[in-house]
Amino acid sequence: MGTKYKKLLEQVKIGNVVLKNRMISSNALPHFLIGPEDYPSETFIQYQANVAKNGAAVVTTLDWSNPLQRKSHGDGAHFPSFDLTNPAVENYMNQLADGIHFYGSKASVAVMPVPPHGYTVCDTEHSMFFPGDVMDDEGMPGGPGGPPEGEGGPGEHEPPEDEGDMMLHFPPAKGLTVEMMREIIRKYVGIAKKYQSFGFDMMTVHMAYRSTILARFLSPLDNKRTDEYGGSLENRVRFPLEFCKAIKEACGQDFLIEAQISGEEDEGGITVEDTVAFAKMAEGIIDIFQIRAKDGDLNHPTGFNSGRTPVTLHVAEAIKKSGAKVLTAPIGGFQDVELAEQYLEEGKMDMFCAGRAFICEPEYYEKILENRAEDITPCIRCNRCHGQNMQGPWISVCSVNPTLGIRHRLPWMVEKEAKNKKNIAVIGGGCAGMNAAVIASRRGHTVSLFEKNERLGGQLNQAGYASFKWPIGDFKEYLIRQLEKSAVEVHLGVAVTPELLKHSKYDAIIVAIGATPKMPSIEGVFDEKGNVVEGIYNPIEVYGNESALGNEVVIVGGGETGTETGLHLAKLGHKVTVLTRKRRIAQDAERVHYYESFKAALNEEKNFRSITRANTVKVTAKSVEYVDKTGEKKVLNADSVIVCGGMDPLRDEGLAFSGLADEVVLIGDCEKVGDIQKAMRRSFAAASYL
């Protein structure tokens with residue numbers, strides 16, 4: 001056939017090293033792939049090897065071998081931690097590299113250099129550490145994942161309402177001495193040599209987000225030194241270049257160095273021009289510039305802070321235009337192979353880095369080879385792969401890839417092709433119904449899908465109205481394409497009832513009829529007959545009917561759904577006030593590298609405001625009465641009132657189909673109200689074992 005993505009799959013030569021294509025898998029690993037073991041488990045090795053099989057020319061594994069890591073709090077405490085002091089662990093490290101090499105890929109170890117406890121780039125009143133920093137043997141309070149219990153951890157005390165900044169501020173710190181800098185270099189040269197002995201081919205050095213010591217040397221916002229390591233750009237890059245040069249000299253020129261850098265920072269920080277100049281000075285020392293955004297949140301873009309153009313592409317393009325002899329590999333929103341091929345052909349980048357692309361599509365490489373870009377599962381940018389919430393449990397999931405974390409078990413869990421072919425009816429054309437129908441059809445069953453509306457999508461159709469929901473809109477269109485390409489017989493505008501199926505001959509029925517909005521028992525919501533008072537809306541009714549709402553809108557319920565609805569209306573020009581009983585708006589959306597971009601979008605919208613710790617006691621179609629955090633009663637007048645009460649599963653309606661086939665399965669929201677991830681996992685499972 002011949003792939004049309006020739007530039008993307010073109011080999012890259014760096015000195016004597018050949019990379020098999022132009023795709024790099026950054027350090028991105030589901031937390032639950034490894035438990036308390038201090039070595040790469042078979043599951044871990046399989047996962048990384050599969051990333052290589054799935055197209056990554058470079059597969060990155062983070063060196064997080066600090067013994068205090070498990071005693072910390074938060075995200076970092078749940079990453080793999082290897083005991084490199086145990087000689088037996090070396091066997092597994094070699095197996096890890098060998099698994100990656102099997103598919104012709106290179107193994108990279110990522111390091112996050114840190115200074116001794118109490119030291120930073122220069123004397124400062126407040127040292128800065130970020131969640132994710134690895135502490136030294138003395139142990140920094142908070143460890144790699146943030147503050148421990150008693151210093152802002154769960155169950156100890158609630159942080160202020162405006163707290164949410166991922167940056168942690170600690171007591172004064174002293175500037176590193178030159179000898180300390182030399183010791184840091186010696187330490188990481190030793191780490192590089194050790195991993196090279198395991199069979200690793202390169203090192204990825206973290207210099208981004210002003211988070212590691214090298215990043216702070218680079219940034220004029222942090223580096224206030226007055227010696228040869230501070231001031232001018234040439235001085236600020238001196239220590240990072242000495243660090244990388246020492247590794248090159250110790251491990252050889254063919255041991256590649258990839259630097260993770262922030263291509264630009266906020267005002268007063270690194271500029272694109274600085275990065276271009278840095279790239280020229282790094283020639284022969286750093287092989288690949290992995291270009292990241294100014295902070296971790298923007299570098300893991302969501303629908304709130306990004307479009308389809310990756311956020312760091314312009315920096316890579318500037319380096320390319322300068323003629324600097326380093327390879328550029330921007331990261332942050334790369335998955336669309338059509339665009340990647342275009343950017344490569346246009347000379348805007350040499351390679352690209354991605355994490356989520358390889359997580360959400362387990363057949364990425366296969367589909368590229370077969371020119372099936374339209375079949376690549378799009379990432380919805382929910383960042384649940386980095387953790388579902390800020391307080392744990394720290395389980396990584398993928399909303400759109402139901403096999404994440406269980407792919408190594410599928411050979412014994414699921415028969416690829418069903419032994420007994422069945423005639424299956426799927427009732428409901430939302431994401432759960434569509435996915436179940438496609439999976440069941442692929443396994444050889446005869447499948448008919450019935451949707452009561454004239455279009456597919458279910459609740460995903462709301463994405464067509466809110467601008468920041470474009471990733472979910474893309475996912476909906478992907479599911480519809482998969483359904484259209486399948487052998488599933490689709491019936492739109494057909495409201496299936498148990499009576500209608502009573503005399504049918506289906507062997508199995510999959511019920512995916514969803515849920516219905518419910519209203520909370522707040523005074524004024526219901527009339528004397530138990531009906532919702534006219535003029536009081538639920539969030540589902542808003543989408544597609546925005547023009548029916550007045551200018552001043554009050555939303556009762558500031559969870560993720562209510563807040564998103566408010567933001568959507570505010571962007572359309574409505575003046576929106578959202579009330580929540582919680583200490584923070586959209587508290588159920590508190591995920592790593594997600595919540596901050598959500599909050600920033602809210603703060604930037606002049607038509608949106610929120611009131612936290614507000615207990616609503618009464619509503620009418622034109623007003624909301626609430627008690628604020630001081631106990632004072634207040635009233636907000638409105639042109640329109642929206643009340644969020646969650647969703648009720650249509651479980652009883654689904655159970656009415658019981659007995660109409662040998663097997664009747666409820667999936668999605670009609671079984672238990674959840675989200676896209678839960679709907680996709682349950683629908684995949686149901687269709688796999690029928």
Side-chain angles (χ1 to χ4, degrees), residues 162-167 209 262 264 266 292-314 331-336 354-357 359-360 378-390 398-400 459-476 539 542-543 546 553 555 557-574 576-578 580 582 584-610 612 644 675-677:
D162 60 352
E163 185 177 314
D165 188 352
M166 291 293 286
M167 187 182 295
Y209 315 148
S262 289
E264 58 185 333
D266 288 327
R292 297 193 163 217
K294 65 180 180 180
D295 58 54
D297 296 320
L298 183 57
N299 202 66
H300 298 73
T302 68
F304 299 111
N305 62 5
S306 68
R308 287 182 171 80
T309 301
V311 296
T312 59
L313 180 65
H314 66 290
I331 190 172
F334 287 88
Q335 188 194 25
D336 188 319
R356 294 175 295 184
I359 289 174
C360 64
C379 175
I380 64 172
R381 306 192 176 197
C382 64
N383 287 338
R384 280 187 167 88
C385 52
H386 218 301
Q388 295 188 73
N389 60 67
M390 300 291 283
C398 178
S399 289
V400 297
Q459 289 191 52
L460 298 185
N461 285 313
Q462 296 172 28
Y465 300 99
S467 60
F468 49 84
K469 287 285 191 180
W470 66 267
I472 293 178
D474 285 356
F475 178 61
K476 182 197 75 171
V542 170
Y543 294 92
E546 295 88 347
V553 178
I555 300 178
E560 187 170 6
T561 297
T563 305
E564 286 186 345
T565 302
L567 179 60
H568 168 54
L569 291 173
K571 285 182 175 293
L572 294 178
H574 298 272
V576 179
T577 302
V578 176
T580 179
K582 303 290 186 180
R584 200 177 296 177
I585 194 75
Q587 193 166 316
D588 54 338
E590 287 188 319
R591 298 190 291 279
V592 177
H593 299 317
Y594 185 85
Y595 186 77
E596 291 303 307
S597 65
F598 191 176
K599 188 174 74 171
L602 298 174
N603 291 338
E604 290 168 5
E605 180 49 63
K606 64 181 186 301
N607 291 326
F608 180 95
R609 71 164 179 150
S610 62
T612 58
C644 307
D675 50 32
I676 292 174
Q677 184 270 325

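Values reported hereafter were calculated over all heavy atoms of this structure, with side chains retained and with hydrogens, waters and symmetry mates removed. Throughout, numbering of the chain's residues begins at 1 and tracks the sequence.
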Are any side-chain N or O atoms of H593 and backbone N or O atoms of H300, one a donor and one an acceptor, separated by less than 3.5 Å? no
CG on N603 to CZ on R609, rounded to 0.5 Å: 14.5 Å
With a 3.5 Å cut-off and no angle check, do the side chains of T612 and T580 form a donor-acceptor pair? no
From CA spacing to verdict: side-chain contact (heavy atoms from CB on, under 4.5 Å), R384, C398: CA-CA 6 Å; R384 280 187 167 88; C398 178; over 6 Å; no
Please identify each residue that fulfils side-chain hydrogen bond (donor to acceptor under 3.5 Å, both in side chains) with R356, with sequence neighbours left out. N383
Does any donor atom in the side chain of S306 or R381 lie under 3.5 Å from an acceptor atom in the other side chain? yes
Looking only at heavy atoms, what is the nearest atom pair of I380 and S399, with distance? CD1-CB, 3.6 Å
Do H386 and Y594 have ring centres separated by under 6.0 Å? no
How about P378 and V400: do any of their side-chain heavy atoms sit closer than 4.5 Å? no
For a 4.5 angstrom cut-off between non-hydrogen side-chain atoms, does V542 reach Y465? no
Evaluate the side-chain proximity of V576 to I555: yes if any heavy-atom separation is below 4.5 Å, no if none is. yes
If you compare all heavy atoms of V578 against all heavy atoms of G562, which two are closest, and at what distance to 0.1 Å? CG2-O, 4.4 Å
Heavy atoms of A466 and Y543 approach each other most closely as CB-CE2, 4.5 Å
Taking every non-hydrogen atom, the tightest pair across N299 and Y209: ND2-OH, 3.0 Å
Describe, in one word, how the ring planes of F468 and H568 are oriented to each other, choosing from parallel (under 30°), tilted (30 to 60°) and perpendicular (over 60°). perpendicular
Please lay out, stage by stage, how T563 and F598 fare under the test side-chain contact (heavy atoms from CB on, under 4.5 Å). CA-CA 10 Å; T563 305; F598 191 176; 3.6 Å; yes
Just wondering, do L567 and F304 contact through their side chains at under 4.5 Å, heavy atoms? yes
Ignoring hydrogens and angles, state whether a donor on the side chain of H314 or E264 is under 3.5 Å from an acceptor on the partner side chain. yes
Mind checking the CD-CG spacing from Q459 to D675? Nearest 0.5 Å is all I need. 11.0 Å
Pair L298-T312, side-chain contact (heavy atoms from CB on, under 4.5 Å): steps then yes or no: CA-CA 10 Å; L298 183 57; T312 59; over 6 Å; no
Closest non-hydrogen contact found for G573 with N607 is CA-ND2, 3.8 Å
How many angstroms lie between atom OG of S597 and atom CG of D297, to the nearest 0.5 angstrom? 6.5 Å
Would a 4.5 Å heavy-atom cut-off, applied to side chains only, mark E590 and K599 as touching? no
May I ask you to check whether R292 and S262 show a side-chain donor-acceptor distance below 3.5 Å? no
Answer yes or no: is there a side-chain heavy-atom contact under 4.5 Å between F608 and L569? no
Carefully, step by step, assess Q335 and C360 under the rule side-chain contact (heavy atoms from CB on, under 4.5 Å). CA-CA 10 Å; Q335 188 194 25; C360 64; 3.1 Å; yes
To the nearest 0.5 Å, what is the distance between CD1 (I676) and SG (C382)? 7.5 Å
Is there side-chain contact between D588 and Y595, with at least one heavy-atom pair below 4.5 Å? no
Looking at CD of E560 and SG of C644, how far apart are the two atoms once the value is rounded to the nearest 0.5 Å? 12.0 Å
State, with a plain yes or no, whether a side-chain heavy atom of E564 is found less than 4.5 Å away from one of P539. no
Residues forming a side-chain hydrogen bond (donor to acceptor under 3.5 Å, both in side chains) with D266, sequence neighbours excluded: K294
